[in-house]
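Data block below; observations after.
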Amino acid sequence: MKQTLDTTSDTAAAASECFDTVRLALATPADIEQIEAWAADDAWQPGHGGTAMLLSTDPQGLFVGYIGERPVSAVSVADHGHNLAFFGTLLVDPELRGRGIGALTWQAAIGRAGDRTLAADVPTHLTEKARRLGFTDGFKILRHVGPLPPARGTDPHVIQLNAEKHSGQLARLDAACFPAQRPGFATAFATRTGHHTLVYADANGNVRGYGTMNPAPGTARIGPLYAERSYQAAALFDALCTLAGNAGALTVSMDVPEQSMPGLAIAETRGLSIRSQAHRMYRTGTTELNPVAFDQLCAITGVGLG
């Protein structure tokens, strides 16, 4: 099979060309613009700044795929603690899709998890292939999208994040809703430039839930959204939507696990509908994962981000 790209103007010939290898190289900050340009064309793109977030979470976990000297794909295998690697951000240059490059990139990347358990957010059409590679089903992720709902009354318990004061409590909630310990990740994502994070604090100042609104092209994305009680999650969602509206957003989306009854209830009562879906799948390694509290997990951080 050919391994060099057809650069002629014959579109039909280029579309029929196939490849048998992709070379992976560590991504650098200089690659982010190209990766996010590909991501903007993908329905599951991680949102503005998401690629940079992956790179900062694990500088050794984001890769660019090459055929010859041309970058053709990107993928992440990010370290989320000693017991879990997370496979995500599988992107292919839109001009080269449908030619097997995504599958080659996947195959080149999954070995980098070593003997740790590997998690992946897999599009529906690739789940059978993932099972053949040793992955088992975890849960379905339903992307809900809709117009910003009408403003509701404010809850005085919903306040702005104080990173210095609340960092440990964010990590506690993240540990309940994600199967591995990643204490630095929660605060880093919540406080990233452009992100807006609110917490639900009880009368004693204890954080009982939090949510982040992540700007993305054409919409506002809410996630993570964690809370100990459904009414706390709903109050956070409403307040984040108000912030999104004030920033000029017209639509909102969130990625809800199918087992999350409070997350599904928020989506239904706020007029959001399912736009697409993916599957959180796991390839078991020698390490065990922590259980996920779906009664607290209303929306994941994002597909490909955990």
Fill in: Euclidean distance, T117 OG1 relative to L84 CG, rounded to 0.5 Å
7.0 Å

Worksheet item: Side-chain contact, heavy-atom cut-off 4.5 Å: E268 with I266?
Response: no

Discussion item. Against F135, only a single residue in Y282, W106, F87 fulfils ring-ring contact (aromatic ring centres under 6.0 Å, His included); can you say which?
Written reply: W106

Discussion item. So L62 and V75, do their side chains get closer than 4.5 Å, heavy atoms only?
Written reply: no

Fill in: Test ring pair (Phe, Tyr, Trp, His ring centres under 6.0 Å) applied to F294 - qualifying residues, sequence neighbours left out
F139

Fill in: Contact list for residues 194-204, test salt bridge (Lys or Arg N to Asp or Glu O under 4.0 Å), sequence neighbours left out
D202-R208

Fill in: Beyond-backbone contact of D174 with F189, side-chain heavy atoms, under 4.5 angstrom
no

Worksheet item: Is the Lys NZ or Arg CZ of R182 less than 6.0 Å from the centre of F178's six-membered ring, within 45° of the axis?
Response: yes

Worksheet item: Which pair of non-hydrogen atoms, one from H144 and one from A267, has the smallest distance, and what is that distance?
Response: CD2-CB, 3.4 Å

Worksheet item: Do W38 and D93 have side chains that get closer than 4.5 Å, going by heavy atoms?
Response: yes

Fill in: Gap separating the CG atom of N214 from the NE2 atom of H195, nearest 0.5 angstrom
3.5 Å

Discussion item. Give me the atom names and distance for the closest heavy-atom approach of L272 to G146.
Written reply: CG-N, 3.8 Å

Worksheet entry | All salt bridge (Lys or Arg N to Asp or Glu O under 4.0 Å) counterparts of R131, not counting sequence neighbours | E128, D137

Worksheet item: Would the Y210 and Y200 ring centres measure less than 6.0 Å apart?
Response: no

Fill in: S260 OG to L225 CG distance, which is reported to the nearest 0.5 Å
8.5 Å

Worksheet item: Under the 3.5 angstrom rule, does the side chain of S73 hit a backbone N or O of G102 as a donor-acceptor pair?
Response: no

Worksheet item: Mind checking whether R221 and V252 have side chains closer than 4.5 Å, heavy atoms only?
Response: no

Worksheet entry | Nearest non-hydrogen partners of L24 and G65, listed with the distance | CD2-CA, 3.8 Å

Worksheet entry | Heavy-atom pair with the smallest gap, counting every atom of D31 and L26 | OD2-O, 4.2 Å

Worksheet item: Tell me, which pairs form a side chain to side chain donor-acceptor pair (under 3.5 Å) where one or both residues lie in residues 233-242, sequence neighbours left out?
Response: D238-R270

Worksheet entry | Side-chain (H279) to main-chain (V122) donor-acceptor, under 3.5 angstrom | no

Discussion item. Side chains of T301 and Y226, heavy atoms from C-beta outward: is any pair under 4.5 Å?
Written reply: yes

Item to complete: Check the pair V145 / S276 against side chain to side chain contact (heavy atoms under 4.5 Å, CB included), numbers first and verdict last.
Response: CA-CA 9 Å; V145 182; S276 52; over 6 Å; no

Fill in: Euclidean distance, T127 OG1 relative to Q277 CD, rounded to 0.5 Å
9.5 Å

Fill in: I101 to V72 - nearest heavy-atom pair and separation
CG2-CG2, 3.9 Å

Worksheet item: So L104 and T21, side chain to side chain contact (heavy atoms under 4.5 Å, CB included) or not? Walk me through it.
Response: CA-CA 6 Å; L104 291 171; T21 187; 5.8 Å; no

Practice prompt. Only one of N206, V199, L173, T187 passes side-chain contact (heavy atoms from CB on, under 4.5 Å) with H166; say which it is.
Written response: V199

Worksheet entry | L96 side chain near R70 side chain, heavy-atom distance below 4.5 Å | yes

Practice prompt. Please confirm whether the backbone N or O of A190 pairs with a side-chain atom of T197, one donor and one acceptor, at under 3.5 Å?
Written response: yes

Practice prompt. Without swapping roles, check the side chain of R280 against the backbone of A120 for a donor-acceptor pair under 3.5 Å.
Written response: no

Worksheet, complete the sentence: Those residues at least two apart in sequence (or on a different chain) that pass ring pair (Phe, Tyr, Trp, His ring centres under 6.0 Å) with F63 are none

Item to complete: Check the surroundings of atom CD in E95: do more than 12 heavy atoms from other residues, nucleotides or ligands lie under 6.0 Å from it?
Response: no

Practice prompt. Report yes or no: does Q169 contribute a side-chain atom to a donor-acceptor pair with the main-chain N or O of V207 at less than 3.5 Å?
Written response: yes

Discussion item. Nearest 0.5 Å, please: how far is OG in S76 from CG in L91?
Written reply: 8.5 Å

Worksheet item: Shortest non-hydrogen contact from R283 to G134?
Response: CG-O, 3.6 Å

Fill in: Contact list for residues 150-172, test salt bridge (Lys or Arg N to Asp or Glu O under 4.0 Å), sequence neighbours left out
R172-E228

Discussion item. As a quick check of understanding, evaluate salt bridge (charged side-chain N to carboxylate O under 4.0 Å, His left out) for E288 and R116, giving each step before the final call.
Written reply: CA-CA 9 Å; E288 294 185 3; R116 292 172 295 172; over 6 Å; no

Worksheet item: Roughly how far apart are L243 CG and L198 CG, rounded to 0.5 Å?
Response: 5.0 Å

Discussion item. Measuring only between side-chain heavy atoms, which start at C-beta, is L250 closer than 4.5 Å to L148?
Written reply: no

Worksheet entry | Electrostatic pair R143-E258, nearest N-O below 4.0 angstrom | no

